[in-house]
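Quick note on labels: first sequence line is chain A, next is B, and so on, each numbered from 1.
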Amino acid sequence: MPESIEIELYRRLAERALDRRVVEVDAPDAWFLKGGLTGEGLAHAVVGRRFTDARRIGKLLLLDTALPGQEGGGPTVGLRFGMTGRLLVDGVAGIDDLQYSSMRDEPAWDRVTFRLEGGGDLRIRDPRRLGGVQLDPDEGRLGPDVLSIAPAALRDALAGSTAPVKARLLDQARVAGVGNLIADEALWRAGVDPARPAGSLTAAEVRRLHKHLRTTVDELMLRGGSHTGDVYHSRAAGGTCPKDGTPMIRRTVGGRTTWSCPRHQR
DNA sequence: ATTGTGGCCTGCCCGC
DNA sequence: TGCGGGCAGGCCACAA
């Protein structure tokens, strides 16, 4: 599913749409528009403007707008992809292989399309409609981004909490961009039990988790997705730990299906 | 405030 | 071969 890794790849793809005037907006699915936004409101906000910047905070993709010849001043379009949303620019997909979604070329799943001058478009295609589009989303609600979080910031995000460390990692207000697969992979690499109270981690464990969070995201980005982790294929019945061969255990932690190694994750 | 739970969405997979 | 019940998880509303 799209986590920060996939959204970052989407962001890079979205840069192809920069500095091209939006000539039309097609938003056939009212449910997909969030925060009271309507199709008319979205069209009014962006038609005649161009996207000036493609930014990302966690799993939120942000497209800034401005009138031609101006630096800014237009609203910001926020795109969320849920777990099955894909971004397409000029018919090119940002991700070839998206777990739990469908790769079928099905235009009926296009929830919002921005048509650009000279042909071409930027569209969000989401079979399960778990994503959404919003104007000027509150960026302040998101914690530091996992791609750049500092050790001290991770420490602060975990300190003093009785919630499972995995739940804290998945809380976008604490750390932005960690999804279920990255959380399981990083905790597995760091040898930390996902169910441990977040505040119970020692300083050394937090440093270790920080290191593995960062390297996990970097590596999986190079490999092409959040489903390319070392432990990914062990997240199934009968799966064994790639480190020590111990049968993996499946639990619900932080409300999410969680796979971990009972031997080396402590 | 913090933490946990349930529901939303629907294509796909599995077993019958 | 067709059918139907679970399943997947990001996000939000709500409860305690």
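Between A:Glu106 atom CD and B:dT10 atom C1' there is a gap of 13 Å when expressed in whole angstrom units. For the pair A:Leu181 CG and C:dG9 C1', the computed distance is 9 Å after rounding to whole Å. Put simply, CZ on A:Arg128 is 7 Å from C1' on B:dC12, counting in whole angstrom units. Summarising the geometry, the separation between CZ on A:Arg251 and C1' on B:dG4 is reported as 16 Å, rounded to the nearest angstrom. One can place CD1 of A:Ile7 at 8 Å from P of C:dC11, the figure rounded to the nearest angstrom. As a whole-Å value, the separation of A:Trp31 CH2 from C:dC12 P is 11 Å. One atom, CE of A:Met83, and another, P of B:dC12, lie 12 Å apart when rounded to the nearest Å. Rounded to an integer number of Å, the gap from A:Arg111 CZ to B:dC9 P is 12 Å.
Between A:Arg141 and the phosphate of C:dC12, there is a side-chain N or O to OP1/OP2 separation shorter than 4.0 Å. Not one side-chain nitrogen or oxygen of A:Thr84 sits closer than 4.0 Å to the OP1 or OP2 atom of C:dA8.
If you check every strand for non-hydrogen atoms under 4.0 Å, A:Arg129 touches sugar and phosphate atoms only.
Every residue was checked against the side-chain hydrogen bond (donor to acceptor under 3.5 Å, both in side chains) condition with A:Glu40, not counting sequence neighbours, and none meets it. Residues satisfying the side-chain contact (heavy atoms from CB on, under 4.5 Å) criterion with A:Pro242, sequence neighbours excluded, are A:Trp188, A:Val231, A:Ser234.
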Q) Taking it one step at a time, do A:Thr76 and A:Asp64 satisfy side chain to side chain donor-acceptor pair (under 3.5 Å)? A) CA-CA 4 Å; A:Thr76 295; A:Asp64 299 319; 2.7 Å; yes
Q) Step by step, would you call A:Lys166 with A:Asp171 a salt bridge (charged side-chain N to carboxylate O under 4.0 Å, His left out)? A) CA-CA 9 Å; A:Lys166 180 175 174 180; A:Asp171 184 345; over 6 Å; no
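For the side-chain contact (heavy atoms from CB on, under 4.5 Å) test with A:Val112, the passing option among A:Asp26, A:Leu33, A:Asp29 is A:Leu33; the others fail.
For a distance-only test at 3.5 Å, the side chain of A:Arg80 fails to qualify as a donor-acceptor partner of the base of C:dG10.
Checked by atom type, the side-chain pair A:Thr65/A:Arg50 shows no donor-acceptor distance below 3.5 Å. Counted by atom type alone, A:Ser226 and A:Glu6 present one or more donor-acceptor pairs between their side chains at under 3.5 Å.
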Shorter than 3.5 Å, N or O on both sides, protein versus nucleotides 1-3 of chain B: list them out with atom names.
{"unit_1": "B:dT2", "atom_1": "OP2", "unit_2": "A:Arg174", "atom_2": "NH2", "d": "3.4"}
{"unit_1": "B:dT3", "atom_1": "OP1", "unit_2": "A:Ser161", "atom_2": "OG", "d": "2.8"}
{"unit_1": "B:dT3", "atom_1": "OP1", "unit_2": "A:Thr162", "atom_2": "N", "d": "3.0"}
{"unit_1": "B:dT3", "atom_1": "OP2", "unit_2": "A:Ser161", "atom_2": "OG", "d": "3.4"}
{"unit_1": "B:dT3", "atom_1": "OP2", "unit_2": "A:Arg168", "atom_2": "NH1", "d": "2.4"}

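Here the side chain of A:Pro127 is nearest to one of B:dG11, C:dG10, C:dC11, namely B:dG11.
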